Amino acid sequence: MCCKCCGETQRKAWVFGLGSLFMLLGILIVVFWPGLADNLVEDGLKLKPGTDTYDSWLEAPIPIYLSFNMFNWTNPEEIRNPNVKPNFVEMGPYVFLEKHKKENFTFFENATVAYYERRTWFFDAEKSNGTLDDMVTAAHAITATVADEMRHQKKIVKKIINFMLNHEGGELYTTKPVGEWIFKGYQDNLTDFLNLFNTSVIDIPYKRFGWLADRNESLTYDGLFTIHTGTDNIANVGKLTHWNGKAETGFYAMPCGVVNGTTGDLFAPKMNVKEEITIFATDACRFMNLRPEGTLENHGLTATRWVGTEETLDSGENYPNQACFCDPRLEECPKTGVVECKACRDKAPIYSSFPHFYLADKHYLDAITGMQPDKAKHEFIMAIEPTTGVPVQVHGRIQINMMIEPDNDYDIYRGVPKVLMPMFWFDQYAELSPELASKAKLAINLSSYGIIFGYSLVGFASLFIITGVALTLTKRWVRRDEDEAMLTN
């Protein structure tokens, strides 16, 4: 269109019309865009086919690693010497790349989904310090389990058990390669005998013993999870409702036995950074509360750090609300920082703690040597960007321990001290990739980008309107003859 041919009225219409249009658009964007942007982001965070959340949930888009640090018991022959404490040397880490994939999932009309998760591990020699052939000496788990299960039986029964332990492979300790201790499992004479004996009195539900034997590539080992999808209420996304079809674990008294929290891979957006979060740990068959403590900067994101505290693994000694985590049948509840996991771990005398008894009662440290608890190395951390609920960095660190106790009815345990023996600790860690961090930043700033654009339109519109007012006041909408003469001369 030729503006030179336009009259004053047409020019005013264009300038004030465009100014008003841009002003209206800018105001509408400033007013309505934040809500629209929030809805767009929330819709993308819901667990439903077609969203980024669904794709990430189905198969982890970032590398996850599981590192094992084994404890080598260096002086088992001195166990009955009251002047010598059991000494342990940490070996490793032995690092495995961990793949997660959800399978056999079913979405329900009540905004939940039930699924199994298949986890597969691959040894990463480059990231490891050692090989799977390294030899490690540790307490004999099967012998300890049998002795603990039969501890309160009648004398005659214990005599039979003692004879069996002495003649069918019972040992105080054993030495095996790391690979057999972890995934492969090792052949054990006592295990073979008990399986052959086939009795329900002593239930050993495996053919080979290994801490994660039969778990690699297993579809059902971790159980059936049912979680909220957030399609009805985004605040519920990722929250567990059932584990193995039940709302209670059956391993602890209520309320400690409730299935609660998240599995650790999905969190609701707009998190309250002053409140604790709860995760459900299948290895311990229980939930764990983590407390907010500071922030972490990574790939341009500011994440809140939720960490394990003295309360996380307390069984009522310092935090009475957690007393239900202690089995009332125990003669003595564990001291703070250690929790009993017998029922969850096939009745084996297994106890969990943070690595090197970090945050645990000094009693456990004083009974042995070789532990060096360090907050930087042994803290349980989940760093989450609170606006989107996206995990930025995770270090799930837990130590597995085994209790050995004196028992004069068993030759193997006669004269030994009661000691909680550290067996190994693991760190399941992952970090958000730069690509996913960029998506998270876009989601966080989407509302701000719209507001900035809206205000820019308002500013642009103001220029139009101010120009129009100025031209009106100076009566310059149409050039005068003298102006044309000045421009041509």
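Nothing fancy with the numbering, it's 1 onward along the sequence. Remember, it's a predicted structure, so these values are computed and weren't measured experimentally.
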Between H356 and F71, ring centroids under 6.0 Å: yes
Centroid-centroid under 6.0 Å between F380 and Y358 rings: no
Output field: ring centroids Y186/F209 closer than 6.0 Å: yes
NZ/NE/NH1/NH2 to OD/OE distance under 4.0 Å, D188 and R208: no
ring-ring contact (aromatic ring centres under 6.0 Å, His included), paired with H395, selected from W425, Y429, W306: Y429
Atom NZ of K159: over 12 foreign heavy atoms under 6.0 Å: no
NZ (K362) with more than 12 external heavy atoms under 6.0 Å: no
K155 and D409 ion-paired at < 4.0 Å: yes
Closest non-hydrogen atom pair between N87 and G370, with its separation: OD1-N, 3.9 Å
D214 atom CG, neighbour heavy-atom count above 12 within 6.0 Å: no
Working for salt bridge (charged side-chain N to carboxylate O under 4.0 Å, His left out), residues D148 and K342: CA-CA 10 Å; D148 189 73; K342 288 184 185 180; 3.0 Å; yes
Heavy atoms from other residues, nucleotides or ligands near NZ of K176 exceed 12 (cutoff 6.0 Å): yes
Centroid-centroid distance, W181 to F424, less than 6.0 Å: no
Sidechain-backbone polar pair: N216 side chain, W121 backbone, donor-acceptor under 3.5 Å: yes
Audit row: C285, C341, disulfide (SG to SG under 2.5 Å) steps and yes/no: CA-CA 8 Å; C285 306; C341 306; over 6 Å; no
Q372 side chain to D374 side chain, donor-acceptor N/O pair below 3.5 angstrom: no
E340 side, atom CD; F325 side, atom CZ - distance, nearest 0.5 Å: 11.5 Å
Enclosure of K99 NZ (heavy-atom neighbours >12, cutoff 6.0 Å): no
Steps toward side-chain contact (heavy atoms from CB on, under 4.5 Å) verdict (E379, R305): CA-CA 11 Å; E379 188 174 44; R305 297 170 74 255; 2.8 Å; yes
Option passing side-chain contact (heavy atoms from CB on, under 4.5 Å) with N72 (candidates T137, T175, D134): T137
For G92 against N129, the heavy-atom pair lying closest together: O-ND2, 3.1 Å
Over-ring placement of K158 relative to Y410, 6.0 Å and 45° cut-offs: yes
Salt bridge present between K207 and D192 (N-O < 4.0 angstrom): no
Electrostatic pair E42:K270 at N-O distance under 4.0 angstrom: yes
Exceeds 12 heavy-atom contacts within 6.0 angstrom, atom NZ of K184: no
Heavy atoms from other residues, nucleotides or ligands near NZ of K439 exceed 12 (cutoff 6.0 Å): no
Ion pair E311/R291, N-O distance below 4.0 Å: yes
Distance flag, aromatic centroids of F287 and F280, threshold under 6.0 Å: no
Straight-line distance of I142 CD1 to T174 OG1, nearest 0.5 Å: 10.5 Å
Any donor-acceptor pair under 3.5 Å from N75 side chain to E78 backbone: no
